[in-house]
Structure formats: C-alpha cells, structure tokens
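Before I ask anything, here is the structure I am working with.
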Amino acid sequence: MVKLKLFLTLVLYSMFVFSVNGYVLFTDINEELTLTEHAEFAISNTAELSGHENWVDDPHSLERKPNQYLHFRVEVASNHSSPTPVWFNVTFPAIKYLQVSDGNRVWKTGDALPFSTREINLPNYHFPSILPANDSVTFTGHMRGEILRYNFSLATPEKVINDYVDTLQRDMAFFGAMAILTALSFLVFFATRKIAFLSFAVFIFATTFWFFRVFGYAFEILWPQTPELNDISYAVSIYALLLSAFGVIVTVLKRPGRQIYGEKFIKWFCYLLPLIGIAVWQTLGLDLALRLPVLLFFPYLIISVVVIIVEHKRGSDIAKRFAIAMLPIAVSSLFLVIIALNNTLSTWDPVATFMAGILLTCVFMIVITSNYLVKLLQKERDAEKEVAQMRSEQTSILESLVKERTKELERSNTMLAELASKDTLTNLPNRRSVDLFVDASFAEATGDEKVIAIALIDLDHFKNINDTYGHEVGDIVLKKAANVLAAFNSDSLLAGRFGGEEFAIIARDMNDNRFYMTLHSIHNSINELSITEIEDRKVASSIGWTMCTGPIDVVDAFRRADKALYTAKNKGRNRIIRAEES
Ligand SMILES: Nc1nc2c(ncn2[C@@H]2O[C@H](COP(=O)(O)OP(=O)(O)OP(=O)(O)O)[C@@H](O)[C@H]2O)c(=O)[nH]1
C-alpha cells in the first residue's frame, strides 16, 4: 500500500513537472512574460518541419548554417476565465527572415524584406494574438539568414505600450541631453574657433544617430523598396562614430606646433577605414562591413588610452581631464562588449548601461566645457586689462616723452635766443640786443617821456694789452670789464658789447644826472679793476654819451655819442664826455 502510494505520488509529481515544462502559464496581465528560456529550438533545411527534428532548450547548442532554418516553439497557457488579447514579442531583433504563427495566423517579416512588405513592422516585432480562456496557444516559427539577437516574450498590448511610453520618456531625456551638448559644442566652436569643439559636436551627433538609427527608419519609410539604405545609414553613422571619436582625440589633445603621439597613424587609419569598409562591403558582404567598426571599437579604446597617457606624460594639461570625461563612455562600452560576448551579466541592461555611460560623459563634458569657457572669458578679461594698462602706461610714457622733448625744445630755444642775443665772449647782450632794447624803450615809453640815454665806452689802449700780453689775456680783460657792466644791467638799463673793445649803455626812465652818475660809477669800477694777467695794470676807459629824444634821433644820437667818445680819446682818454659838451 505504501509502495502504491509512493508510486502514485511519483507519477503525479512527474506529471506536474512535465506539465510545468510543457507550457508557460500567463497569470499576471501587468507583467511581461519572458519566453526565450522556455522555448524549444530545432534546425531544418526547409521551412516546413518533417517531424524528425531534434528539439532542444538551448539554441546555442545547435550548429546551424546561415541557409538553414532555426525553428522555435513555445506554448503559453492562460488561467483567466475570459480570452486575453496578447502580443507575442520578438524584441531587439536583428533577424533577416522571421516567420511567426499562433496556429491561426502566419506573419512574415525580417530585416531582409522590403519595409512595405513586412506584415509586422516595428523596431521590435509584436504579433497580436488571443489567449483563450483556461487554454493555451503554441507560438511557432522560424528564422533564417544572419541572426544576431532576439528575445521572445508575451504581454498585453497595454503593458507593451506603457513600457514604450516609459522608454520614450527616457530616450527623449537622453536625446535632449545629446542635442543640448551638440548645440553647446557648436556654439563654443563658433565662439572660440577651436576645432576640438567641432569634432566633439560631430562625435555626439554621430553617436546619437547611430544609437537611434533615425536615418535608418526614415529611409525605410521614405524608400521602403530599398531596405539596404537602412543598413547603409547604419554603416555611415557607426563609421562616423569611430572616425569622429578619433577626431575628438586628435583635436582635443593637439597643441600648437606639436604633433600628438600616433597622429600620423590615426590620420591614415581615418583615411583608410571608410575605404576598407567599402572594400569589405563589396567583397565579403555588408554584414561584415557593419561589424568591422564594432570590432575596431576595442582597439580604438586601447589606442585612445595609450595616446592620452603619452600626451599626459608629455605635459598636456587637457589629457587628464579628457581621460576623466571619457571614462564613463569607455567603461560602459567595455560592459557592452562583455555583455555581448558573455550573457552571464544578464542583470545588466546593455542599452541602459551604455546610455548611462554616454550621459555621464556628457555631464563631464559639459562641466569641462563650462570650465574651459569660464577660463577663456577670464583670460580675455585679463588680456583686456593688460592691454588697457599697457595703453595707459604707453600714454604716460608718451606724455612724459613729449613733455621732456618740449622742455628740451624750450631749452634749446632759450639757448638759441640767448645765442642770438648775447655776445659769446663776454656774455653781455650783443649789438642786436642793444638795438632791440632801444626800439623797445621807445615802444613802451608813454607821453613825453620818449627820451633815452645812450653811451659808448671804449677801453683805452687795448691794442697795447693785446700786443703785450697776448690775445687771450686781452679776452680776459674784456670779460672783466664786461662783468663790471653786467652788474648794472636792469629792466631800465642795458649794457652790451657793441663791437671789439667797445660797449654801449642804454638807459630809459633816467634823467641826465642819474645817467651820468651811473656812467661815472661804471668808469670808476673799470678803473678799479685789478687783473693779475696784466700785472694789475690799470684799465681805463673813455665814454661818450648823449640823450636820445626819440626814434628818429637814434642814429644821430649814436653818432653824437661816438663823436663824444672820439673827443674823450682825443682829450687824453680815461674820461666821460657828453656829446653836447664835445
Ligand atoms: N683780445 C681781443 N682783442 C680785440 C677784440 N676785438 C678787438 N680787439 C682788439 O682791440 C684793439 C683795438 O685797437 P685800436 O682800435 O687800435 O684802439 P686802442 O688800442 O684801444 O687804442 P685807443 O682805442 O685809441 O685807446 C685791436 O688790436 C683789436 O685787435 C677781442 O674780441 N679780443
């Protein structure tokens, strides 16, 4: 009895296990039911099943050639009391030919079919079906050609659409951030004319379009009969992504007059990559051409790291900051590659990881760009200040130079005026000054006081001094006599050298008496001169003088004074004679 009970329990248990493994129960209409791991797979050479296929749980264990068909089947049961509309979803597909059936309908689609001929066509395929009340539906189908990735799931249309809205919001935020960063980079490029910002703008633009494949879907809608345009646009954006990434590295790290490490290699690589891509496309096929830049992404990261490290060692300031900014995108790319190569990290959503990396890089880039802009503005302000300071310095230097030059000019003018008005030997006013003083005296005189006194003084026997002691000693005697006369010079009296050893004395505002007294004191002073060079020999002088009554009398007055002087000489020299008395 116990054995029978045990046997029945085992039978029931194995029936339960069988029933659980045979189908998947759809219980929660608010959840998306993943089906990939519940599906069974088989390979055949035809689209139709022969019935002898070997069905397995793991499709990777099957060795399929591209021209063979990969069949799948999965049974979904419902425990709901009413029929439930559902979508059988093949998400994130990269399948050339795909056929799905729910037993009632058959849909044909896939990347290789022209856009307009696809019965189901969305970025992710959704096949509408109905789960009958308390019954099951078996979804079957096959794939053919190049199959890159797929995931089977089941959910109500409401659930899928709600998820799409969430994704769209997330994508729009991402797209907005990228658009802002692209615009910012363009603006900074226009403001600074630094090519690094243009490269960065192109890089962001290429990344965004590669990520969203906007061109691809646009081409599919506009030219549905040429599905290869989708792939070509994808190729252009992914090649542009890699090339612009190199562009960013070269231009950001570039310093004036210096080549960055590996610049030649990078440039050649950038020239050749599109050509290699086209060659691979034409010879080995588009699939390989599309994979080429993806395969090169890893070497690109290594090359970038090497270039950044070397440039940092060479003293580039920007290299370190650039490395920090690019770190999230590098790390997330690395995760993307690891996830793609090894499915064990299934908890990581590759797309979200990569997006997070790009967004973080964008944030870093915005911080670095803003920091750069602030520094640039500060630099400009400092430069402006410096220029203003230099200008004011230059102006003050110029002003002081002008002042100095003006002073020099004034000095030389005064010197010239002095030279023109003074006798170089005796430093007394010269004959020209004597004439000017006479003219000025009459011009300034008012009323009846148009009278000036004129006297001519001549040193006695001066020739003798010259002959006895030499011309130089004669000069000394002349200077000493001139010094005597200079002491009498004032606003109203001018004693100047008239020529040779003859001097003239002009006085205004002075009556005869006072003038005579002045001449007398001059005469005495000359007489009293004691000059060692002539062994203290007495220097005598003869003076003839007169009063000049007006401008028209000037010539005559000088003649009179000269005549009086002559008389003085004749009368034995060393005396003062008034013209009127001679
Ligand atoms: N050392 C010197 N001698 C001068 C200068 N100008 C004129 N003489 C000299 O002055 C002398 C004037 O001589 P004279 O005109 O013959 O008259 P004097 O010897 O003074 O005799 P009297 O006037 O008749 O008393 C000349 O020998 C001139 O060469 C001068 O600037 N320096």
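Each ligand, and each atom within it, is numbered from 1 in the order the structure gives.
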Would you call E399 and K403 a salt bridge, taking side-chain N to carboxylate O under 4.0 Å as the test?
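No, E399 and K403 are not salt-bridged.
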Side chain to side chain contact (heavy atoms under 4.5 Å, CB included) involving R432 - partner list, sequence neighbours excluded:
A420, N430, L436
Check whether NZ of the Lys or CZ of the Arg R508 lies under 6.0 Å from the centre of the six-membered ring of F437 and within 45 degrees of that ring's axis.
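Yes, R508 and F437 form such a contact.
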Salt-bridge present (D556, R560; N to O < 4.0 Å)
yes
Could you report the tightest heavy-atom contact between Y469 and E533, atom names first, then the distance?
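For Y469 and E533, the tightest heavy-atom pair comes out as CD2-O, 3.4 Å.
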Salt-bridge test for K463 and E501: reply yes if a basic N is under 4.0 Å from a carboxylate O, no otherwise.
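So K463 does not pair with E501 through a salt bridge.
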Between the protein and ligand 1, are there any N or O atom pairs that come within less than 3.5 Å of each other, and if so, what are their names and distances?
unit_1: ligand 1; atom_1: 1 (N); unit_2: N466; atom_2: OD1; d: 2.8
unit_1: ligand 1; atom_1: 1 (N); unit_2: N466; atom_2: ND2; d: 3.4
unit_1: ligand 1; atom_1: 1 (N); unit_2: H471; atom_2: O; d: 3.1
unit_1: ligand 1; atom_1: 1 (N); unit_2: D475; atom_2: OD1; d: 3.2
unit_1: ligand 1; atom_1: 3 (N); unit_2: N466; atom_2: ND2; d: 2.6
unit_1: ligand 1; atom_1: 19 (O); unit_2: F462; atom_2: N; d: 3.4
unit_1: ligand 1; atom_1: 19 (O); unit_2: K463; atom_2: N; d: 2.8
unit_1: ligand 1; atom_1: 20 (O); unit_2: L459; atom_2: O; d: 3.4
unit_1: ligand 1; atom_1: 20 (O); unit_2: F462; atom_2: N; d: 2.8
unit_1: ligand 1; atom_1: 20 (O); unit_2: E501; atom_2: OE2; d: 3.2
unit_1: ligand 1; atom_1: 23 (O); unit_2: D458; atom_2: OD1; d: 3.2
unit_1: ligand 1; atom_1: 23 (O); unit_2: K569; atom_2: NZ; d: 3.0
unit_1: ligand 1; atom_1: 24 (O); unit_2: R573; atom_2: NH2; d: 3.1
unit_1: ligand 1; atom_1: 25 (O); unit_2: H461; atom_2: N; d: 2.8
unit_1: ligand 1; atom_1: 25 (O); unit_2: K569; atom_2: NZ; d: 3.1
unit_1: ligand 1; atom_1: 25 (O); unit_2: R573; atom_2: NE; d: 2.9
unit_1: ligand 1; atom_1: 31 (O); unit_2: R497; atom_2: NH2; d: 2.7
unit_1: ligand 1; atom_1: 32 (N); unit_2: D475; atom_2: OD1; d: 2.9

